[in-house]
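In what follows, chains are A, B, ... by sequence order, proteins preceding strands, each numbered from 1. In this text, all values refer to a predicted model and were calculated from it rather than measured experimentally.
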Amino acid sequence: MKKLKFQQQFNLNYSLNCGQTFNWTNQDDCWYGVIKNDVYCLKQDDNVIYIDSTDSDCINTMKKYFRYQDNYELIISCISLDPFIQTAIQNFSGLRLIRQDPWECTLSYLCASNTNISNIRKMLDNLSKKFGNRLTFHDKQFFTIPSPSTLSNAYLSDLIKCKVGYRAKYIKRSAVFIDQNSYIFDELKIMNLINARKKLSDSCEMFGVGPKIADCILLFSHDMLDSFPIDTRILQTIKQYYRYLLDPEMYKIQNDKSTLTSYQYEYLSKIMIDYFGPYAGYAQEFLYCQYGLSDKFTR
DNA sequence: CTTCGACCTGTATTG
DNA sequence: CGGTCCAGGTCGAAA
């Protein structure tokens, strides 16, 4: 059992359970999860997390994973721009962005289109059980996220058995592409958000990755903290609370159920990033959580 | 550029 | 108990 003390605010539950990452489970009063090829068991007490793991270097892994070096207070002060987000920040104080492995993140969000969080978890769980490596820890079984090369060799019919539906072909083709072009993730890291999003969603063979999922990949696994993924929740939030930021001439998103065109997406993204600034991604995460919370209360 | 429908699946909501 | 809708969107076709 090792300890990691955060100097600034940190909340393990919010950070692991807010829909950034999908392969942590709460068992026996402890968060269990797999990163790369190791199992981690995490508990929080005040600003200390207690770590039990198969990873001998788990402290450093956790520091990277939870963005230990981020100046949280500074980031919060940068994005605390209006009463609505201030409320969200208060409700979810200690929520942090997570730094995921790029392929794990890509696979997760390939599963995320047009579905809900519990289903995303199931899809990833099925994929890991069928194609990942089994790990044993605390007499429990865990499975690694399957590698690009494993999934590139998988039969489409076996992927479909994992209940991923029409996403199977996207997963297969993206796995083939990443397996053969793994340098792409390094290339993206030195690009700016706009170009990286364009590259991921348009110009490389990442089928199933549009602008929203590209933004998630860039925010959660490429350190692009300005990335502001716009999903249905965030779109509703913008419509309700940030409509005043929009140019009424540009804002023609009246019909509720229609999804954003890429042109509209890029416009809204630019507006929100201009507003929230270089840490817009943190703002997005608070707004995302706030929407889920208020949703529960109004039901 | 936009609009439209199709798309797997599981749960919740209707009637 | 069966239809229907919706959930962290994307793709391809059509005008």
Side-chain angles (χ1 to χ4, degrees), chain A residues 14-23 88 92 95 97-98 100 104-127 130 156-174 177 197-221 227-239 249-269 272 280-296 298-299:
Chain A
Y14 295 153
S15 304
L16 290 181
N17 205 24
C18 67
Q20 306 181 64
T21 177
F22 307 99
N23 64 340
F92 295 96
L95 169 65
L97 284 173
I98 283 174
Q100 300 177 33
E104 174 194 326
C105 190
T106 302
L107 183 62
S108 301
Y109 283 93
L110 276 172
C111 295
S113 75
N114 198 22
T115 188
N116 53 50
I117 289 182
S118 78
N119 208 19
I120 299 169
R121 297 187 109 99
K122 277 178 195 153
M123 288 188 265
L124 280 173
D125 196 43
N126 294 338
L127 287 168
K130 189 158 186 65
L156 214 50
S157 56
D158 285 335
L159 289 171
I160 288 170
K161 283 178 191 159
C162 297
K163 305 291 185 185
V164 295
Y166 65 88
R167 302 165 192 81
K169 56 185 179 293
Y170 300 151
I171 292 170
K172 168 100 178 171
R173 293 175 78 174
S174 297
F177 176 77
R197 179 205 292 147
K198 193 161 292 178
K199 176 121 189 164
L200 268 178
S201 60
D202 288 347
S203 43
C204 68
E205 310 258 314
M206 290 288 283
F207 293 92
V209 177
K212 189 270 171 180
I213 290 177
D215 275 350
C216 287
I217 294 170
L218 296 170
L219 176 60
F220 299 134
S221 68
S227 175
F228 189 89
I230 301 172
D231 53 48
T232 51
R233 293 191 192 191
I234 296 295
L235 181 57
Q236 295 308 316
T237 302
I238 292 172
K239 285 180 178 178
E249 196 58 33
M250 293 290 290
Y251 181 70
K252 294 164 187 159
I253 313 152
Q254 299 298 345
N255 40 348
D256 256 5
K257 58 183 176 182
S258 72
T259 52
L260 296 172
T261 66
S262 66
Y263 180 73
Q264 290 171 324
Y265 185 98
E266 284 163 25
Y267 169 71
L268 289 178
S269 169
M272 298 312 286
Y282 264 98
Q284 190 270 4
E285 209 54 29
F286 282 106
L287 296 177
Y288 182 82
C289 289
Q290 179 64 24
Y291 185 92
L293 181 108
S294 55
D295 203 37
K296 275 174 195 163
T298 53
R299 210 163 277 195

Contact check, side chains of A:L200 and A:I217, non-hydrogen atoms, under 4.5 Å: yes

Contact check, side chains of A:C204 and A:F177, non-hydrogen atoms, under 4.5 Å: yes

Which of the following nucleotides, B:dT11, C:dG9, C:dA7, is nearest to the side chain of A:D231? C:dG9

To the nearest Å, how far apart are [X] [atom1] and [N] [atom2]?
X: A:R233; N: C:dA7; atom1: CZ; atom2: P; answer: 10 Å
X: A:L159; N: B:dT9; atom1: CG; atom2: C1'; answer: 16 Å
X: A:Q264; N: B:dT2; atom1: CD; atom2: C1'; answer: 8 Å
X: A:Y109; N: C:dA7; atom1: OH; atom2: C1'; answer: 14 Å
X: A:L235; N: C:dC6; atom1: CG; atom2: P; answer: 15 Å
X: A:I230; N: C:dT10; atom1: CD1; atom2: P; answer: 11 Å
X: A:D125; N: B:dG10; atom1: CG; atom2: P; answer: 13 Å
X: A:N116; N: C:dC6; atom1: CG; atom2: P; answer: 14 Å

Between [N] and [M], how far apart are the two [atom1] atoms, rounded to whole Å?
N: C:dC11; M: B:dG10; atom1: P; result: 23 Å
N: C:dA7; M: B:dT14; atom1: P; result: 14 Å
N: C:dG2; M: B:dC7; atom1: P; result: 23 Å
N: C:dT10; M: B:dT11; atom1: C1'; result: 23 Å

Working note: A:D231 + A:Y288, criterion side chain to side chain donor-acceptor pair (under 3.5 Å); need CA distance, chi angles, decisive distance, verdict. CA-CA 9 Å; A:D231 53 48; A:Y288 182 82; 5.3 Å; no

Atom NZ of A:K198 with >12 non-hydrogen neighbours under 6.0 angstrom: no

Which atom pairs link the protein and nucleotides 11-15 of chain C when you take only N or O atoms and keep those under 3.5 Å?
residue, atom, partner, partner atom, Å
C:dC11, OP1, A:G208, N, 3.2

Dot-bracket for DNA chain C, 5' to 3', counting Watson-Crick or G-U wobble pairs under 3.5 Å, with [ ] for crossing pairs and | for inter-strand pairs? |..|.||.||||||.

Rounded to the nearest 0.5 Å, what separation is found between the [atom1] atom of [X] and the [atom2] atom of [Y]?
X: A:E266; Y: A:L260; atom1: CD; atom2: CG; result: 11.0 Å
X: A:L110; Y: A:L124; atom1: CG; atom2: CG; result: 9.5 Å
X: A:S227; Y: A:L219; atom1: OG; atom2: CG; result: 5.0 Å

A:R121 charged N/C atom sitting above A:F22 aromatic ring, 6.0 Å / 45°: no

Presence of A:T232 side-chain N/O under 4.0 Å of C:dA7 phosphate oxygens OP1/OP2: no

Under a 4.0 Å N-O cut-off, is there an ion pair linking A:K212 with A:D215? no

Taking atom types as modelled, find out whether A:Y166 and A:S113 have a side-chain donor-acceptor pair closer than 3.5 angstrom. yes

Name the nucleic acid region contacted by A:Q20, choosing base, sugar-phosphate or nothing; use a 4.0 angstrom heavy-atom cut-off, strictly under. base

What is the nucleic acid contact for A:C18, judged by heavy atoms within less than 4.0 Å: base, sugar-phosphate only, or nothing? base

At a cut-off of 3.5 Å, list every protein nitrogen or oxygen paired with a nitrogen or oxygen from nucleotides 6-8 of chain B, distance to 0.1 Å.
residue, atom, partner, partner atom, Å
B:dC8, O4', A:Y166, N, 3.1
B:dC8, O2, A:R167, NH1, 2.8
B:dC8, N3, A:R167, NH2, 3.4
B:dC8, N4, A:N114, O, 3.4
B:dC8, N4, A:N114, ND2, 3.2

Given A:C111, which of A:K163, A:K122, A:M123 fulfils the side chain to side chain contact (heavy atoms under 4.5 Å, CB included) condition? A:M123

Using the ring-ring contact (aromatic ring centres under 6.0 Å, His included) rule, take A:Y109 and A:F220 through it: C-alpha gap first, then chi angles, then the decisive distance, then the call. CA-CA 10 Å; A:Y109 283 93; A:F220 299 134; 5.6 Å; yes

